[in-house]
K.L.:
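Before I ask anything, here is the structure I am working with.
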2 protein chains.
Amino acid sequence: MASSTEENYLKALYNLSNGQGEVNISDLANGLKVSMPTANSMVKSLQKSDWVIYEKYKPVILTPKGQKEAALIVRKHRLTEMFLVKKMGFGWEEVHEVAEQIEHIHSPKFFDRMDEMLGYPTIDPHGSPIPDNQGRMKEFSYTPLSACKPGQEVQLTALTNSSAEFLEFLNSRKLSLGVHLKVISREAYDQSIVVSYPDHPIETLSEKASERLLVRILE
Amino acid sequence: MASSTEENYLKALYNLSNGQGEVNISDLANGLKVSMPTANSMVKSLQKSDWVIYEKYKPVILTPKGQKEAALIVRKHRLTEMFLVKKMGFGWEEVHEVAEQIEHIHSPKFFDRMDEMLGYPTIDPHGSPIPDNQGRMKEFSYTPLSACKPGQEVQLTALTNSSAEFLEFLNSRKLSLGVHLKVISREAYDQSIVVSYPDHPIETLSEKASERLLVRILE
DNA sequence: CAAATTTGTTAGATTGTTCTAACTTATTAC
DNA sequence: GTAATAAGTTAGAACAATCTAACAAATTTG
């Protein structure tokens with residue numbers, strides 16, 4: 001069984017995996033806020049337990065076993081976030097830290113009951129998909145708001161970044177998942193986007209913000 | 001801030017404290033399933049952080065700071081047990097292990113919300129008192145069923161032992177907190193006690209079991 | 001392509017938590 | 001009240017997870 005530390009490494013590798021599923025030691029070290037030698041030695045030990053494939057000077061790759069393990073930790077994290085928001089009255093900007101701790105709890109029943117009480121959700125409070133209990137996850141292909149054209153009507157569906165600061169920014173603009181937005185215009189000089197939505201006839205969103213808002217385009 | 005390991009030592013010291021509030025190293029080691037040298041060295045380090053008073057060859061004593069810290073961990077444990085039983089459909093025999101893990105979560109809001117959702121309970125699913133958020137705990141003085149006399153009517157109120165095996169034994173006899181029992185007789189030769197309660201006109205309980213059942217005597 | 005930069009590795013130390021073996025102090029029993 | 005037993009301590013080692021300093025490989029850049 002993986003220690004909490006090992007679980008954190010697996011999760012980081014899972015989240016940092018690109019198309020090839022490869023992760024650099026420096027990105028891993030960075031993501032976990034540890035030194036490169038620390039990441040390096042941990043990767044060697046993960047390899048011994050068959051969680052990753054690793055060769056000197058090559059990027060790290062999760063094995064199928066490692067991928068599944070990581071997905072199940074992500075599952076526990078996202079179920080927990082949903083539970084905290086839907087059942088315990090937390091704001092979506094408050095759940096990350098607690099979920100980082102609760103994801104390491106070993107109790108299938110605890111998470112199965114959350115799942116059941118939530119009606120088997122497929123996304124977390126930030127729109128990220130929740131892997132199923134086999135570690136499989138549906139990939140969604142959403143469009144960043146930054147890529148939308150004036151005149152388009154879209155629905156806010158997910159976020160690419162869920163930092164507390166960004167979530168509080170969205171709160172202050174009354175932007176939550178599900179909101180219908182109409183793209184009014186886009187400023188050519190700074191790529192900011194002007195949108196309109198219920199109770200907010202005109203709202204300007206910076207390029208930085210609009211890149212992080214994922215939308216589904218309506219007819 | 002205490003590590004999870006330190007929190008476990010504080011909790012063990014709290015639970016093992018007798019009237020004098022003193023705990024032997026060997027009892028501590030035993031309770032935590034570690035060797036005596038391990039317990040010894042940990043106690044020395046707890047002393048450095050002012051959680052305990054300790055002198056060579058003397059029993060360990062929690063400082064007021066240590067007592068409060070320990071009580072707050074016990075609070076988190078017992079609130080969690082109550083939450084799992086009342087809100088998440090766990091049986092009272094299933095909650096201990098999970099609560100042992102969740103008690104180390106650092107999130108005042110998480111436990112405050114449990115408390116609120118439960119209506120500020122004062123006892124856990126096994127009848128043990130829940131310390132308040134200042135670490136204060138009401139002491140109840142219940143009578144063990146083993147000390148009751150034939151003819152007495154009592155109400156099952158708490159347990160001195162909450163092992164899964166004992167709880168499953170109680171489940172099999174349909175004995176739960178709140179049940180009204182009438183003491184029918186007591187066998188002189190083995191101190192077993194015969195009781196009667198709804199749907200169980202005659203049930204014999206061994207001395208071992210009846211010592212662990214705490215009751216409130218009804219008029 | 002050679003120099004500069006970035007990335008990755010090794011060596012060695014540190015901290016926390018644990019152990020066993022050997023020894024000492026305290027307690028119990030005759 | 002000494003001898004046997006129990007309880008407690010010290011010393012020394014091990015493992016996990018971390019660090020810094022120094023060095024090596026790979027990549028980027030002029």
Side-chain angles (χ1 to χ4, degrees), chain A residues 1-14 16-18 20-62 66 69-70 73 100-101 103-104 106, chain B residues 1-18 20-62 66 69-70 73 100-101 103-106:
Chain A
M1 199 173 63
S3 68
S4 287
T5 308
E6 288 173 322
E7 289 188 348
N8 284 335
Y9 278 82
L10 293 176
K11 190 171 56 125
L13 288 167
Y14 186 82
L16 293 168
S17 287
N18 57 20
Q20 271 67 243
E22 299 186 336
V23 182
N24 296 328
I25 296 283
S26 76
D27 292 345
L28 179 60
N30 238 293
L32 287 167
K33 304 276 171 57
V34 297
S35 67
M36 283 212 294
T38 300
N40 179 270
S41 79
M42 197 64 195
V43 161
K44 284 179 185 171
S45 104
L46 289 173
Q47 186 198 21
K48 285 197 189 128
S49 312
D50 197 33
W51 302 113
V52 303
I53 293 162
Y54 170 66
E55 284 174 88
K56 258 197 194 182
Y57 299 108
K58 296 258 176 75
V60 189
I61 302 173
L62 281 171
E69 186 74 9
I73 299 158
E100 289 273 291
Q101 299 176 64
E103 71 191 6
H104 301 296
H106 293 292
Chain B
M1 199 175 62
S3 68
S4 288
T5 308
E6 287 173 325
E7 289 188 348
N8 284 334
Y9 278 84
L10 293 176
K11 190 171 55 128
L13 288 166
Y14 186 82
N15 289 328
L16 294 168
S17 286
N18 57 20
Q20 269 67 244
E22 300 187 336
V23 182
N24 295 327
I25 296 282
S26 76
D27 292 344
L28 179 61
N30 239 292
L32 288 166
K33 305 276 171 59
V34 297
S35 68
M36 284 211 296
T38 300
N40 179 269
S41 78
M42 197 65 196
V43 160
K44 285 179 186 170
S45 106
L46 290 173
Q47 186 198 21
K48 285 197 188 127
S49 311
D50 197 33
W51 302 113
V52 302
I53 293 162
Y54 171 67
E55 284 173 88
K56 259 195 194 187
Y57 299 108
K58 296 257 176 74
V60 189
I61 302 172
L62 281 171
E69 187 74 8
I73 298 157
E100 288 273 289
Q101 299 176 64
E103 70 191 8
H104 301 296
I105 299 292
H106 293 292

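Throughout, protein chains are lettered first and strands after them, A, B, ... in sequence-line order, and every chain is numbered starting at 1.
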K.L.:
Tell me which nucleotide among D:dG8, D:dC19, D:dT10 gets nearest to the side chain of A:T38.
P.N.:
D:dC19

K.L.:
Please give me the minimum heavy-atom distance between A:Y9 and A:V34, naming the atom from each residue.
P.N.:
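So the two residues come closest at OH-CG2, 3.7 Å.
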
K.L.:
To the nearest angstrom, how far is B:I25 atom CD1 from C:dC19 atom P?
P.N.:
14 Å

K.L.:
Nearest nucleotide by nearest heavy atom, which residue falls closer to the 5' end of DNA chain D, A:K56 or A:M36?
P.N.:
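On the 5' side of the pair lies A:M36.
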
K.L.:
Determine the contact category for B:S3: base if any of its heavy atoms lies under 4.0 Å from a base atom, sugar-phosphate if only primed atoms, P, OP1 or OP2 are that close, otherwise nothing.
P.N.:
sugar-phosphate

K.L.:
Take A:K33 and A:Y57, find for each the nucleotide of DNA chain D with the closest heavy atom, and name the residue whose nucleotide sits nearer the 5' end.
P.N.:
A:K33

K.L.:
Within the 4.0 Å heavy-atom criterion, would you say A:K58 contacts the bases, only the backbone, or no part of the nucleic acid?
P.N.:
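The residue A:K58 makes no contact with any strand.
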
K.L.:
Classify the nucleic acid contact of A:S35 as base, sugar-phosphate or nothing, counting any heavy atom under 4.0 Å across all strands shown.
P.N.:
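If one applies the 4.0 Å heavy-atom cut-off, A:S35 turns out to touch a base.
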
K.L.:
In whole angstrom, what separates B:N40's CG from C:dA26's P?
P.N.:
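It works out to 14 Å between those atoms.
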
K.L.:
Looking only at the side chain of B:P37 (C-beta and beyond, no hydrogens), which of the listed nucleotides D:dT10, C:dT18, D:dT18 gets closest?
P.N.:
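Selected nucleotide: D:dT10.
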
K.L.:
With a 4.0 Å limit, can you tell me whether A:Y54 has a side-chain N or O closer than that to the phosphate oxygens OP1/OP2 of C:dG8?
P.N.:
no

K.L.:
Between atom NZ in B:K44 and atom P in C:dG16, what is the gap in whole Å?
P.N.:
15 Å

K.L.:
Using atom CG of B:D27 as one end and atom P of D:dG8 as the other, report the distance to the nearest whole Å.
P.N.:
7 Å

